[in-house]
Amino acid sequence: MAHVTINQVIKNYGAVQAIKGIDVGIEDGEFVALVGPSGCGKTTLLRMIAGLEDITGGTIEIGGKVVNNLQPKARDIAMVFQNYALYPHMKVADNMSFSMQLAGASKDEIKEKVEDAARILNLEPYLDRYPRELSGGQRQRVAMGRAIVRNPKVFLFDEPLSNLDAKLRVSMRAEIKSLHQRLGTTAVYVTHDQIEAMTMADKIVVMSAGRIEQVGTPLELYDEPANLFVAAFIGSPSMNLLEAEICDGGLRFGDGTILAATDTGEYGTGRSVIAGIRPDTFELAERGLTVQVNVTEPTGAETQVVGQIGDSPVTCLMRERISGRYGDVLHVMPQGPVHLFDPDTGLRLGTARTAAIN
Amino acid sequence: MNARLTPWLFLMPAILIYGIFGAYPIFQTFAISLTDQVGVAAPGKFVGLQNYADLIGDAYFLNSLKNTGIWVIMFLIVPNSLAITIALLVKQTFWGSSLIKTVFFLPLALSFAIVGVVWGWIYEPDVGLLDQLLISLGLEGLIVEWLGPDAATYSVIAAAAWRQTAFATVVFLAGLSAIPQELIEAAKVDGGTRRQIFFRIMLPLLKPASTIAVSSALIHALLATEIVLTMTEGGPFGSSEVVGYRMYMETFWNYKFGYGAAIGVIVTLMTAIMVVPYVLRMAKAQERDWS
Amino acid sequence: MTHVTTEMTNGSDAAQAIDRGSLRERFEEPVVRGSQILLLLLLALVFFLPVMGTLLTSVRTIPDITQNGAWALPSTYEWGNLGRAFIEMLPYLRASVIITLPSVAGTLMVAMMAGYALSRMQFRGRIWMFLVIVSLSFVPIHTQLIPVFRLMSDLGLHDTFISQIIVHIMRQIPFAVLIMTNFFNTVPGELREAGRIDGASEWTIFRRIYVPVARPALSALIVLEFTWIWNDLLWGLVLTQGAGKKPVTVGILSFEGEYEIAWNMVASGAVVAAIPTLAVFLAFQKHFIRGMTMGSVKG
């Protein structure tokens, strides 16, 4: 077990800079998710930790040792690949123990470790099968088993659940999390699915275009997104980003409504801002923001209203069963925090709370 | 169209053309091999297995059989090991560069007639490219009479191997690129050295490609007729003859059709034995596809 | 931020780790890679020598060859050699064109129909039919030479183009059917069902849907078949008598016999005879390679 320190890491592909100087500290035993849209550099970063990509600049340390120039095998890491990368010509047991065989472990030791891992992952009946004879979920477990058998310093996961169907994904998610809590090994987990990151990770690193947007615990990211990117990326459905303007003691929204709001004084009257409001914080009101309904989508427990406030698209998640149609008008009030962002820099300004209508 | 007849209507042209000009002749060859037919003018009379019995005592035939054996062994080893080396090197260094691949694939475009003429002249004493090359490198001592009685078979094999290597390189490169990169990476993470990854991951996964390369080498070695014909005409003194060439000579030079047919039957039987595993593989794959 | 402090205390360890790791890697990687590149270039050179030697010699003069040896650059370039060779080879080239083009077209047509039936239709004996065709693609020419020669003589087709065309189509059917079957296997069956629902007959489905869809496989097959048929030697030898009907592969042999020690002319003849297939290969290398792998790398 070990901590991982990523220090000013840069990756260039020719003239293109894929990773633009990244710093992350990963504590011993921590489960860290690297999350971001495709092409943000998260997989590249993971592969650099694994030793599958050269590091153009900066250093990566595992357990206090700089590993920049070490081959993967010398880094004491295990990796679960997106497509599992099971060796098709080897049985499950051999797939799991291949690294031990290469390391020259004794037959008894291999057998013991493989059986231990198989027990943990409920793979015991399948040890004598070939990967092609297994279902997707079982293959995924074998890939995990291969990592566990190593007892490595660090687990690396490269979107390991993306090839599973939705139901299996949810159950494997819980399984990986509990496995991590049982083994306590440092883990770095790459995913594009923010829900996976939120539910599994101790700490999330949100990346975009080769940079870090924000690092924090799942709830920190949810409650205080550092910028518009994180605000829109974390949470589902995503946070509504409404154009608004600071006015005396309140916020004027695109539909002309003015809501009284706390903590807006310091920004100066007349300044335009982006007001970020989570869909689930809206409640129906007599008066309030005017939502022009496009469509309502009932899911049973709640109703999702998709429409517009002024020119900004908006999604509201309502407890009530609403049966609005295109062209209907609703009034809603945000009951939770309103996140304020600078429209030019995209950075977070602060949080306001709205009160009654002025 | 009648639904049960339709598939056969689509197959009809192929069946007719192959049936008349391909399949029927195969049976005829067996029949002719049991006669003493000479030329095409008149059918021969039935002599049973006499032609085959004669072959056992025919020194020319036995010599050609021995040479075919040499062909098979050399062809299994040389082009395939060369090709796998080239494929690995290309993949690791110039992967994607089509120029380097073109150089290695080029011989595939050349006919055996051209290969034979070009190499025949590479081997020419003194003025040939090979002797000239050895002289300019100061290696005159290595020069032998390349197409003389002792070396001719091996020289012809080298020429044919040049072309066969090109084919095997194509096959192995395709096989290599069919191996998912993730597997190699997983093996690296698992702690494999270059050597271990090659022998324990890549080579087993190259099995389909190897089957093809090996079958192709076998067939070409067994049938090597055109290249022998162009380079040495079996000479000097029959020293570089192979069974396929013998069959051609007996038939179209000596007009011993019955005798030639017997050799043709033997060549066919040898080929059949060699390709059975390959055919079975294909059938299995096809059944998987259709089920 | 505990890791920051550990980083500080372990500073010297870390530095050592860098050195040990990098020394080996830095030394080993470039050496291995360098020697790989070197070996590959050497192999490529050896591989290319026959072609290069032929090209060089084809434009030399005889005195140049005897004086300077074959590996020096030509002292003068005799492009006329190639022209002369071309004119002499012209009848053979013409014959090869007349033989090859219809053979390729015929093979494609027959093979597409058969491949479509084998791949897309359910009928009794399908797997057997397929097995037979796979096996036939290995039948050595030697089992067919004598009876075909006899049959063509009986039919009065000896020394004609048509006999060579028929024989080439026959020889290429198994492989071409195999390729087309494999290709049609990859085309979703829904296409045929959609066609039937649209009211198309089997023939219309084949003509209007499957033939156009088969374009990528066809281009690969065309390039392969062209090369193979053009390059055939044995049938050309066996089935012809006069110069007018002999293909260029036979032509190059008589050319060699005629010029014997005029190496420059022999090389020129080889170049001229090889140009059509070489050009096709260089222009359509991708199709060529795809065809080879389609036919073989399966299962």
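Within every chain, numbering begins at 1; the chains are lettered A, B, ... in the order of the sequence lines, protein sequences first and strands thereafter. Hydrogens, waters and symmetry mates play no part in the numbers below; they use all other heavy atoms, side chains included.
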Is C/Met109 close to B/Pro13 at the side-chain level, that is, under 4.5 Å between some pair of heavy atoms? no

Would you find a donor on one side and an acceptor on the other, under 3.5 Å apart, between the side chain of C/Asn231 and the backbone of B/Phe112? no

Side chain, backbone, both or neither: which part of C/Ile133 has an atom under 4.5 Å from a heavy atom of chain B? neither

Tell me, for C/Met129 versus chain B, whether the close heavy atoms (under 4.5 Å) come from the side chain, the backbone, both or neither. side chain

Report which part of C/Ile37 has an atom under 4.5 Å of a heavy atom belonging to chain B: side chain, backbone, both, or neither. both

So what's closer than 4.5 Å to chain B heavy atoms on C/Asp154: side chain, backbone, both or neither? neither

Of B/Leu223, B/Thr268, B/Ile219, the one forming a side chain to side chain contact (heavy atoms under 4.5 Å, CB included) with C/Phe138 is B/Ile219

For the backbone of C/Leu234 and the side chain of B/Glu226, can you confirm whether one donor and one acceptor N or O come within less than 3.5 Å of each other? yes

Ring-plane angle category for B/Phe252 and C/Phe149, please: parallel below 30°, perpendicular beyond 60°, tilted otherwise. perpendicular

Could you point out which residue of C/Thr107, C/Val167, C/Val110 forms a side chain to side chain contact (heavy atoms under 4.5 Å, CB included) with B/Ile17? C/Val110

Pick from B/Ala113, B/Ala109, B/Gly264: which one has the most heavy-atom pairs with chain C under 4.5 Å? B/Ala109

Contact part of C/Val139 toward chain B, heavy-atom cut-off under 4.5 Å: side chain, backbone, both or neither? side chain

Chain B contact via C/Gln285 - which portion, at a heavy-atom distance below 4.5 Å: side chain

Among B/Thr271, B/Thr85, B/Ile100, B/Val117, which residue forms the greatest number of heavy-atom pairs with chain C at distances under 4.5 Å? B/Val117

Within a strict 4.5 Å, meaning less than it, do heavy atoms of the C/Ile252 and B/Thr230 side chains meet? no

On the 0 to 90° scale, with breaks at 30° and 60°, tag the B/Trp162-C/Phe47 ring pair as parallel, tilted or perpendicular. tilted

Is the shortest heavy-atom distance from the side chain of C/His142 to the side chain of B/Arg246 under 4.5 Å? no

Can you find a pair of side-chain heavy atoms, one from B/Ile122 and one from C/Pro50, that are under 4.5 Å apart? yes

Would a 4.5 Å heavy-atom cut-off, applied to side chains only, mark B/Tyr248 and C/Leu237 as touching? yes

Taking C-beta and beyond as the side chain, do B/Leu106 and C/Leu278 meet within less than 4.5 Å on heavy atoms? yes

Side-chain contact test, heavy atoms from C-beta onward, threshold under 4.5 Å: evaluate it for C/Pro147 versus B/Ile32 and give yes or no. yes

Between B/Ile86, B/Val115, B/Leu108, which shows the greatest number of heavy-atom pairs under 4.5 Å with chain C? B/Leu108

Taking the six-membered ring for Trp, is the centroid-to-centroid distance between C/Phe48 and B/Phe104 below 6.0 Å? no

Plane angle bin for B/Trp8 and C/Phe123 - parallel if under 30°, tilted between 30 and 60°, otherwise perpendicular: perpendicular

Please classify the contact of C/Phe255 with chain B as side chain, backbone, both or neither, using a heavy-atom distance under 4.5 Å. neither

Per-residue tally against chain C (heavy atom, under 4.5 Å) across B/Thr102, B/Val267, B/Leu229 peaks at B/Thr102

